[in-house]
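Okay, structure first, notes after.
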Amino acid sequence: MGRVGLSTERLVRAGAELADEVGFDEVTVSALARRFDVKVASLYSHVKNSDDLRTRIALLALEELADRASDALAGRAGKDALTALANVYRDYAHEHPGRYAAAQLRLDPETAAASAGVRHAQMTRAILRGYDLTEPDRTHAVRLLGSVFHGYVGLELGGGFSHSAPDTDETWTRVLDALDALLRNWPAA
């Protein structure tokens, strides 16, 4: 039996908090054991190893993001929905940078198929129904949106836009305006 008060859920949440504090790449079972002032071996009844812990943090982050996105998208369509989804990703990344990085972790196909990542794809595709795209253009657009959201946020978090005007919020608004315009006027193949 593990130490009183320790559970897989508690360890994963603590690991997520640690990721936000020190970076997702720094999260290990050893670091988590230090946080709880226990021996590493006492955590192995709850998580297999550091990879298992990191995967569980990624799954938690995907779930949190999907729940936020679902709430933000309720009753929205078109550009309003696009903006809401984009802002969920950006806001989450700023609030929880380690968890956001965890959400980008490459999962094995079986784990990915059972994760909230599926909900992310479904919500993005639902937004695109308002733009009258058919396959394969809808898939191209899903990839474009993911690339822009994650690319912008990654550069912003890394300080890539902090050395010049205008403010990043202004640029973000312009980027979303441009994406909306592009999706409404998708180029023919």
Side-chain angles (χ1 to χ4, degrees), residues 2-3 5-72 84-121 123-124 142-164 167-169 171-172 175-176:
R3 186 175 179 128
L6 293 183
S7 67
T8 302
E9 181 181 350
R10 185 168 179 216
L11 292 174
V12 171
R13 291 210 171 273
E17 291 169 10
L18 183 61
D20 289 338
E21 293 167 17
V22 301
F24 182 60
D25 291 338
E26 301 301 316
V27 175
T28 63
V29 173
S30 296
L32 200 54
R34 284 191 297 276
R35 175 165 278 217
F36 282 98
D37 195 27
V38 298
K39 294 184 180 186
V40 173
S42 65
L43 301 186
Y44 287 132
S45 61
H46 304 288
V47 294
K48 294 176 191 171
N49 52 39
S50 292
D51 287 340
D52 180 45
L53 174 63
R54 291 165 52 82
T55 297
R56 289 173 186 270
I57 295 168
L59 294 172
L60 171 68
L62 287 169
E63 190 73 33
E64 289 175 345
L65 266 167
D67 290 345
R68 283 188 182 198
S70 180
D71 290 345
L85 182 65
N87 285 335
V88 163
Y89 286 112
R90 185 174 182 228
D91 293 346
Y92 187 82
H94 283 274
E95 292 169 31
H96 301 290
R99 293 178 204 208
Y100 183 77
Q104 313 311 309
L105 182 70
R106 184 178 184 150
L107 302 172
D108 67 76
E110 185 178 318
T111 303
S115 77
V118 174
R119 288 175 53 206
H120 291 267
M123 286 184 276
T124 305
V142 167
R143 292 172 180 167
L144 171 70
L145 294 178
S147 298
V148 172
F149 297 167
H150 299 303
Y152 189 93
V153 167
L155 288 168
E156 185 177 35
L157 288 175
F161 303 138
S162 62
H163 305 296
S164 63
D167 181 73
T168 57
D169 289 337
T171 303
W172 181 248
V175 165
L176 297 179

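For the single chain, residues carry numbers from 1 onward in sequence order.
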Practice prompt. Evaluate the side-chain proximity of W172 to T168: yes if any heavy-atom separation is below 4.5 Å, no if none is.
Written response: no
Fill in: I57 side chain near F24 side chain, heavy-atom distance below 4.5 Å
yes
Discussion item. Suppose the criterion is salt bridge (charged side-chain N to carboxylate O under 4.0 Å, His left out): which pairs have a residue in residues 95-114, not counting sequence neighbours?
Written reply: D20-R99, E64-R99, R68-E95
Practice prompt. Any chance you could measure L155, atom CG, to S162, atom OG, to the nearest 0.5 Å?
Written response: 11.0 Å
Worksheet item: To the nearest 0.5 Å, what is the distance between CG (L43) and CG (D52)?
Response: 11.5 Å
Discussion item. For Y100 and H150, which I'm curious about, is there any donor-acceptor pair between the side chains at under 3.5 Å?
Written reply: yes
Discussion item. What's the separation between atom CZ in R35 and atom CG in L18, rounded to the nearest 0.5 Å?
Written reply: 4.5 Å
Practice prompt. Report, as yes or no, whether the 6.0 Å neighbourhood of atom CD on E21 holds more than 12 heavy atoms from other residues, nucleotides or ligands.
Written response: yes
Worksheet, complete the sentence: Taking every heavy atom of E26 against every heavy atom of A31, the minimum-distance pair comes out as O-CB, 4.0 Å
Worksheet entry | Basic-acidic side-chain contact under 4.0 Å: R13, E17 | no
Worksheet item: Side chains of V29 and R54: closer than 4.5 Å at any heavy-atom pair?
Response: no
Item to complete: Answer yes or no: is there a side-chain heavy-atom contact under 4.5 Å between E63 and L59?
Response: no
Fill in: Closest contact, heavy atoms only, A33 versus K39
CB-C, 4.1 Å
Item to complete: Provide the closest heavy-atom pair for A84 versus A72 in the form atom of the first, atom of the second, distance.
Response: CB-O, 3.7 Å
Worksheet item: Would a distance-only check, ignoring hydrogens and angles, find a side-chain to backbone donor-acceptor pair under 3.5 Å from T124 to H120?
Response: yes
Fill in: Within-4.5 Å side-chain heavy-atom neighbours: L62 and R119
no
Practice prompt. Please report the shortest heavy-atom distance between V118 and A113, naming the atom on each side.
Written response: CG2-O, 3.4 Å
Worksheet, complete the sentence: Nearest heavy-atom contact between Y44 and N49 is CE2-CA, 4.0 Å
Item to complete: Look at the side chain of S115 and the backbone N and O of A112, then say whether any donor-acceptor pair between them is shorter than 3.5 Å.
Response: yes
Discussion item. For a 4.5 angstrom cut-off between non-hydrogen side-chain atoms, does F149 reach L176?
Written reply: yes
Fill in: H46 NE2 to L6 CG distance, which is reported to the nearest 0.5 Å
5.0 Å
Practice prompt. Nearest 0.5 Å please: distance from the OG1 atom of T55 over to the CG atom of L60.
Written response: 12.5 Å
Discussion item. Using side-chain heavy atoms (C-beta onward) and a distance below 4.5 Å, is L32 in contact with V27?
Written reply: no
Worksheet item: Side chains of D169 and R90: closer than 4.5 Å at any heavy-atom pair?
Response: yes
